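All heavy atoms count here, side chains included; hydrogens, waters and symmetry mates do not. Keep in mind that this is a model prediction, so the values were computed, not measured. The sequence lines fix the lettering, A, B, ..., with proteins before strands; numbering per chain opens at 1.
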Amino acid sequence: MNMEKNFEPQSFETSIYAEWEKNGYFTPEVDYSKPPFSIVIPPPNITGQLHMGHALNNTIQDIIVRHKRMQGYSTLWLPGTDHASIATEVKIVDKLREEGLEKEDIGREEFLKRAYEWKAAYGGRIVQQLRRLGCSLDWSREAFTMDERCSKAVREVFVNLYRKGLIYRGSRIINWCPHCRTALSDAEVEYEPQKSNLWHIRYPYADGSGYMVIATTRPETLLGDTAVAVNPKDSRYADKIGKMLKLPLTDREIPVIADDYVELDFGTGCVKITPAHDPNDFEVGLRHNLPVIRIMDDSGVINENGYAYKGLDRDEARKRIVSDLGEQGLMEKIEPYEHNVGVCYRCHSTVEPIVSKQWFVRMEPLAKPAIKVVRNKKISFIPERFEKIYFNWMENIRDWCVSRQLWWGHQIPAWYCEECGEVIVEKHDPEKCPKCGSVRLKRDEDVLDTWFSSALWPFSTLGYPDETEDLKYFYPTNLLVTAYDIIFFWVARMIFSGLEHMGEIPFPEVLIHGIVRDAEGRKMSKSLGNGIDPIMLIDKYGADALRFSLTTGVAPGSDIRFSEDKMEPSRNFLNKLWNASRYVLMNADGINLPEFGSFNYSSADKWILYKLNRTVKEVNAYLKKYELGMANAKLYDFIWSDFCDWYIELTKPALYGESVNEKARTLSVLMYVLKQILKLIHPFTPFITERIWKECGDVGAIMLETYPSYSKKFLFTAEFRRFEKVKDVIRSLRNVRAEMGVQPSKKIGVSVCGEAESYIRRNEVYLKKLAGVETISYVKSKADVSGKIVSIAMADGEIFIPLGDLVDFKKESERLEKELRSVENEIRRGEGMLSNAGFVAKAPEALVEQERRKLEENKLKREKLVKRIEDLK
RNA sequence: GGAGGCAUAGCUCAGCUGGGAGAGCGCUUGCCUUACAAGCAAGAUGUCAUAGGUUCAAGUCCUAUUGUCUCCACCA
């Protein structure tokens, strides 16, 4: 046995992981004699560093995966990373700027070269950090969303969707980030409340007969107005419809039109229509055939359609326009106004709705079957309530803008013939135009949304579009584990992609967990600086302690508050496990243990074996339901309270006693229970269990062992109940000692009377060891005991303890009175229930029986207490 | 505007399909008892947000209210 006095995870975690990986324990075989179990990791961004969210997400997955592996499944947990198109590109661009360069200066090829260099340098960080956490990922199958396999899948899917008419190119209003200079999907826009104004502007009639007042939050878009709309039912403006207005600050005239989209009771009831810069206005424009005038370029600067404001940044233009309108007497009023403004989820710049030619995925035909499979439970969300969020999104989904004006990503496989304008979308790069034969082809510059490739992750990583062995064996995967914040971005898109391209769901279950928040309940974020670095915690407390802390008190779907002080209880618990193991192993050193089960168990042995068996049952049940917090609690309680506080103490008389046989027998039970414990908790705390396992004298790794399962051969129910009574006696004795102020070192003598004698006689050794009892005598009644005594009342007997001068009659009588009160409360409760005809008639028989028994016992107890109290008087 | 979560001990939270309120931390008291002071033992602390309802029985199910957090939509 070679274990330090305290648990020091730093000394073994890294080497144990290296050994697991080297031996290929994480790499499953395609083996049809075993059931498969597979999970694909939510691929972290290559730009990322491990944060608490990753730590939680991957701890959950690893626990499930290790449990399944030990249960005999051919288990694949497939790792990989995401190229994170925008996030990475932003990093590279920033780096270039430090050198005083723009990406256009170096060109696409050089830019991509630098991006790959960056990926090579930093993209592996998070992958190493996952190893520190202990994740049993199959690194031999590691994927990257831009590697050859995934890229092939992307191309295949894009072309197939295009041929089916599910991908099209068109001019639509999209969300444009002027900072990142790319289009964004709806999901990539976040909304923030912002204090601004509602500007009321006068639009004069062209015939000079006065003006209309329109209200707007974006006065600069006035330059692109092509109409003003009113509600057709609005009597205030009925006679104005069709009239022309002079658009302020320009030389253009625009019509007043009628459209239902305008609300009667908001603002002035007149809305300026800017089809090029507002999604609703765009729709109105289509209905009324209005011209679409773009007034801003890709960086948010006013373009040649902006008259005097050309060249101004959008913010500057707003200021100038507002002041110019004021000078011309066209500003009716300015009201302070708070409203939601869309911002880029990456850089938080205000998003500009802009008309632009982009590629879109037609969502309706894809969403329908994806809704159906959740509706009919082919896929279930855990907890179920997240299905509502999913339906809500899927049922109101709009077409997905998938083109991005970036360089880092999957370049769209579309070519335009410069001779005839033909659009060519092919799996292989075309050499000439199939229509006119021209070789003057120009490839589309744009790349795809990062999530386009993530959507294919469950099958692209397994080899799609090739029919690989992995794909056949491991697809569909069995489970997806993720936080609720990417249900739209990722989960929903994987579901419709799996159905469309594989003809099958990607996974039958989606386990949703919450977000890790700080001690105040705020999201951990860079800007707040309230994040905790999991690697720092691992360095300080060990990965096992982090994993255990993260699964303490968690329930599916709910957020957890985390602060460093949650680490100590876990670390202490692992130290406890460490030292309990030391106790067993130290004593077992050099001793020839009999085979477990080849002897008669003691009452204490049967008690712990019964409890262990029950714990095994519960832990398996909770793991099956993904109730990791509950499984964690059961393990904690069993190991600390039952095994350490009771059973280990109970074994001490045997281990430190004379009998070699008894010692060996006890040790074999200790060793058996310890090994079962190590296996049980291994999925939660893989490192410490592997480390201790090495000391247990077995060959091989614990992670290859079979997970414990419930067994009927340990159903010692009667013995278990009897031993619980022994424990109660010990507890009562300790309580009396403490209350009466008996020195811990002072041994006491006790006299037992009643039926309790039978089980106390057989367990005397435990009373002596655990309750500081020296002598035990058995008497017929209290009359046989002399001197000043305190007493303990049980249903089936009494214990008298002569304590001489330590007995304070007043104190003793108070103690007994208190006990009596609580027993009487119990009796009242029991009688109340049993006198209720409804309860006796309708409650389960066993429950009624149990209540009757308890009532009977309490009455016996009361009788004794009353008598003792009388005696004291 | 729509949807959902949460409200339990001083703090952070468990409590699964209804059947005598739990843990960790903190607090009080006593102990370095040959695995562990990162520990041991004995304690104290709760109108389970409020009001109704269903039920023999409600922290648990239903309705409403209050407080709080989140998501979706985005009316200029």
>> What verdict does the side-chain hydrogen bond (donor to acceptor under 3.5 Å, both in side chains) test give for Thr651(A) and Tyr583(A), after you've listed the backbone C-alpha separation in whole Å, the side-chain angles of each residue and the deciding distance to 0.1 Å?
In response: CA-CA 11 Å; Thr651(A) 62; Tyr583(A) 168 79; 2.9 Å; yes
Nucleotide nearest [X] when distance is taken to its side chain, options [options]:
X: Arg731(A); options: A35(B), A42(B), A76(B); value: A42(B)
X: Lys5(A); options: A42(B), A37(B), A35(B); value: A37(B)
X: Asn575(A); options: A76(B), C36(B), C40(B); value: C36(B)
X: Pro844(A); options: A42(B), G19(B), A76(B); value: G19(B)

>> With a 6.0 Å cut-off on the ring centroids, do Phe7(A) and Phe573(A) count as close?
In response: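 Distance test on ring centres: not under 6.0 Å, no.
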Hey, does [X] reach any base, or is it just sugar-phosphate, or nothing, if we go heavy atoms under 4.0 Å?
X: Asp265(A); result: nothing
X: Leu847(A); result: base
X: Tyr484(A); result: nothing
X: Val584(A); result: nothing
X: Cys270(A); result: nothing
X: Lys625(A); result: base
X: Arg571(A); result: base

>> Under 3.5 Å, is there any donor-acceptor pair linking the side chain of Asn340(A) to the base of C74(B)?
In response: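 Checked by distance alone, the answer is yes.
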Watson-Crick or G-U wobble partner of [N], both distances under 3.5 Å:
N: U33(B); answer: none
N: G52(B); answer: C62(B)
N: A44(B); answer: none
N: A57(B); answer: none

Contact list (N/O, under 3.5 angstrom) for nucleotides 22-31 of chain B vs protein:
none

Ignoring backbone atoms, establish whether [X] has a side-chain N or O less than 4.0 Å from OP1 or OP2 of [N].
X: Arg385(A); N: G4(B); result: no
X: Lys388(A); N: C71(B); result: no
X: Asn735(A); N: G43(B); result: yes

Donor-acceptor pair, [X] side chain versus [Y] backbone, under 3.5 Å?
X: Asn858(A); Y: Lys854(A); value: yes
X: Arg815(A); Y: Glu739(A); value: no
X: Asp281(A); Y: Pro275(A); value: no

> Can you tell which of Arg561(A), Lys566(A), Met567(A) makes a side chain to side chain contact (heavy atoms under 4.5 Å, CB included) with Ser563(A)?
Replying inline: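 One option only clears the test, and that one is Lys566(A).
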Kindly give the atom pairs (protein nitrogen or oxygen, nucleotide nitrogen or oxygen) under 3.5 Å for nucleotides 11-15 of chain B.
| unit_1 | atom_1 | unit_2 | atom_2 | d |
| --- | --- | --- | --- | --- |
| U12(B) | O2' | Lys566(A) | NZ | 2.6 |
| C13(B) | OP1 | Arg561(A) | NE | 3.3 |
| C13(B) | OP2 | Arg561(A) | NE | 3.4 |

>> Between Glu649(A) and Tyr766(A), do the side chains contain a donor N or O and an acceptor N or O under 3.5 Å apart?
In response: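 The answer is no; no qualifying pair exists.
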> Which residues satisfy the side chain to side chain donor-acceptor pair (under 3.5 Å) test with Asp278(A), sequence neighbours excluded?
Replying inline: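 Once residues adjacent in sequence are excluded, Asp278(A) has no partner under the side chain to side chain donor-acceptor pair (under 3.5 Å) criterion.
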